[in-house]
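For clarity, every value in this text was computed on a predicted model and none was experimentally measured.
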Amino acid sequence: MRIRTQVLVPTIHPHLATHFSTRVQDRSASFGHRKLAQSLGTMAMVISSDLRAPCSLLMATLMLIVVQAQGITRHYNFNVQMANVTRLCATKSIVTVNGEYPGPALVAREGDRVLVRVTNHVAHNMTLHWHGIRQLRSGWADGPAYITQCPMQTGQSYLYNFTITGQRGTLWWHAHISWLRATVYGAIIVLPKHGVPYPFAAPHREVPMIFGEWWRADTEKLVRQALKTGGAPKYL
């Protein structure tokens with residue numbers, strides 16, 4: 001049973017779950033997890049080759065059924081950092097996750113456990129909120145600053161740990177302190193469990209679309225100005 005869990009839990013691509021022994025890859029996983037998954041996938045092939053075909057097939061089928069029912073653990077590393085971004089013919093330095101704007105998509109299946117290690121490399125305090133995710137017995141992973149957690153100061157890290165239960169669809173994550181959500185956000189894509197169809201015809205292709213604002217001004221200066229004067233922020 002322990003071999004089963006360790007072979008299949010590291011990150012299996014959502015659309016290639018049955019091919020874990022030959023293509024154990026997931027862009028969301030860290031390098032260490034990919035190497036571990038590749039090594040264990042190879043080990044699973046060796047073990048299977050030493051067993052009689054009917055027994056090997058039965059064991060593989062049972063392992064896939066158990067994992068599909070329980071979900072897997074997905075690992076993400078989010079580095080909050082400054083990056084130069086160009087929009088509307090102008091370039092400015094903004095707060096991003098992994099240097100991307102919008103930030104990287106978080107992809108999981110219903111029933112999966114998600115671990116997101118966030119490290120703050122900028123001068124602002126930071127928290128992240130997983131908008132729409134039901135935090136069942138994991139309220140400390142919800143993200144509102146000074147409510148469910150103290151914000152990460154410069155150089156600090158925080159591990160968000162939650163399980164996606166009874167949900168599927170497209171949501172989003174964003175910074176949950178000050179106005180940093182103006183640039184720190186991205187998509188959350190929750191796929192149905194394996195074997196569970198979509199409530200509509202399968203699309204030819206899926207492309208996440210995120211609508212956001214682009215501020216020419218520094219949003220942190222704007223919010224400081226509003227707090228200082230007590231009035232609506234003026235454009236800087």
Side-chain angles (χ1 to χ4, degrees), residues 10-11 26-34 73-87 90-108 112-135 137-164 170-190 208 210-228 233 236:
T11 44
D26 193 321
R27 293 177 62 187
S28 68
S30 63
F31 176 78
H33 286 90
R34 290 200 302 271
T73 299
R74 298 178 183 269
H75 297 262
Y76 287 83
N77 286 311
F78 279 14
N79 289 296
V80 181
Q81 60 193 65
M82 303 300 295
N84 291 327
V85 175
T86 301
R87 296 288 189 278
T91 300
K92 71 173 187 175
S93 181
I94 63 173
V95 182
T96 68
V97 167
N98 296 349
E100 301 177 30
Y101 175 74
L106 190 156
V107 182
D112 285 352
R113 180 187 180 193
V114 178
L115 300 178
V116 186
R117 180 169 295 281
V118 180
T119 303
N120 184 15
H121 299 286
V122 301
H124 307 287
N125 290 348
M126 177 62 62
T127 68
L128 295 184
H129 172 62
W130 319 98
H131 198 103
I133 295 293
R134 298 168 187 160
Q135 298 291 351
R137 292 181 294 178
S138 56
W140 54 88
D142 200 35
Y146 305 109
I147 298 176
T148 61
Q149 72 172 98
C150 294
M152 289 166 278
Q153 299 179 25
T154 304
Q156 293 182 338
S157 296
Y158 189 84
L159 180 64
Y160 292 93
N161 181 350
F162 55 89
T163 299
I164 301 175
T170 306
L171 305 169
W172 70 306
W173 59 264
H174 58 81
H176 207 295
I177 185 170
S178 191
W179 278 12
L180 293 169
R181 74 185 68 188
T183 59
V184 179
Y185 61 85
I188 301 175
I189 302 172
V190 182
I210 303 177
F211 293 89
E213 299 176 331
W214 176 255
W215 293 75
R216 291 192 178 126
D218 184 334
T219 56
E220 291 305 288
K221 289 182 179 179
L222 288 177
V223 72
R224 284 197 298 269
Q225 179 193 66
L227 293 173
K228 181 178 181 180
L236 296 180

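Between the side chain of Asp218 and the backbone N or O of Leu222 there is no donor-acceptor pair closer than 3.5 Å. Thr219 places no side-chain N or O within 3.5 Å of a backbone atom of Ala182 that could act as its donor or acceptor partner. Not a single donor-acceptor pair under 3.5 Å links the side chain of Asn125 to the backbone N or O of Cys150. With hydrogens and angles ignored, the 3.5 Å screen pairs a side-chain donor or acceptor of Thr96 with a backbone N or O of Gln81. Under the 3.5 Å distance criterion, the side-chain polar atoms of Asn120 are matched with a main-chain donor or acceptor of Met152. Not a single donor-acceptor pair under 3.5 Å links the side chain of Thr183 to the backbone N or O of Ile94.
In this structure, His131 and Trp172 have tilted ring planes: the angle between them lies in the 30° to 60° band.
A 4.5 Å side-chain heavy-atom check between Trp140 and Gln149 finds every atom pair outside the cut-off. Inter-residue side-chain proximity for Val80 and Val95 is flagged as met; some heavy-atom pair is nearer than 4.5 Å. Counting only heavy atoms from C-beta outward, the side chains of Val97 and Trp173 approach each other to under 4.5 Å.
Taking the ring centroids of Tyr160 and Tyr158, they lie under the 6.0 Å cut-off.
Between Ala175 and Arg181, the shortest heavy-atom contact is O-CB, 3.4 Å. The minimum heavy-atom distance linking Tyr101 with Glu213 is given by the pair OH-O, 3.2 Å. Across every non-hydrogen atom of Pro151 and Gln156, the tightest pair is O-OE1, 3.9 Å. Taking all atoms of both residues into account, the shortest heavy-atom contact from His176 to Pro144 is ND1-CA, 3.6 Å. The nearest pair of heavy atoms linking Arg74 to Ala108 is NE-CA, 3.4 Å. Taking every heavy atom of both residues into account, Asn161 and Ala141 meet most closely at O-CB, 3.6 Å.
By the side chain to side chain donor-acceptor pair (under 3.5 Å) test, Asn79 pairs with His121, sequence neighbours left out. Considering only residues two or more places apart in sequence or on other chains, Asp142 meets the salt bridge (Lys or Arg N to Asp or Glu O under 4.0 Å) condition with none of them. Remark: Thr170 engages no residue in a side chain to side chain contact (heavy atoms under 4.5 Å, CB included) (not counting sequence neighbours).
A cation-pi geometry, defined here as NZ or CZ lying under 6.0 Å from the six-membered ring centre and within 45° of its normal, holds between Lys92 and Trp214.
Taken to the nearest 0.5 Å, the NE2 atom of His124 stands 8.5 Å off from the OG1 atom of Thr154.
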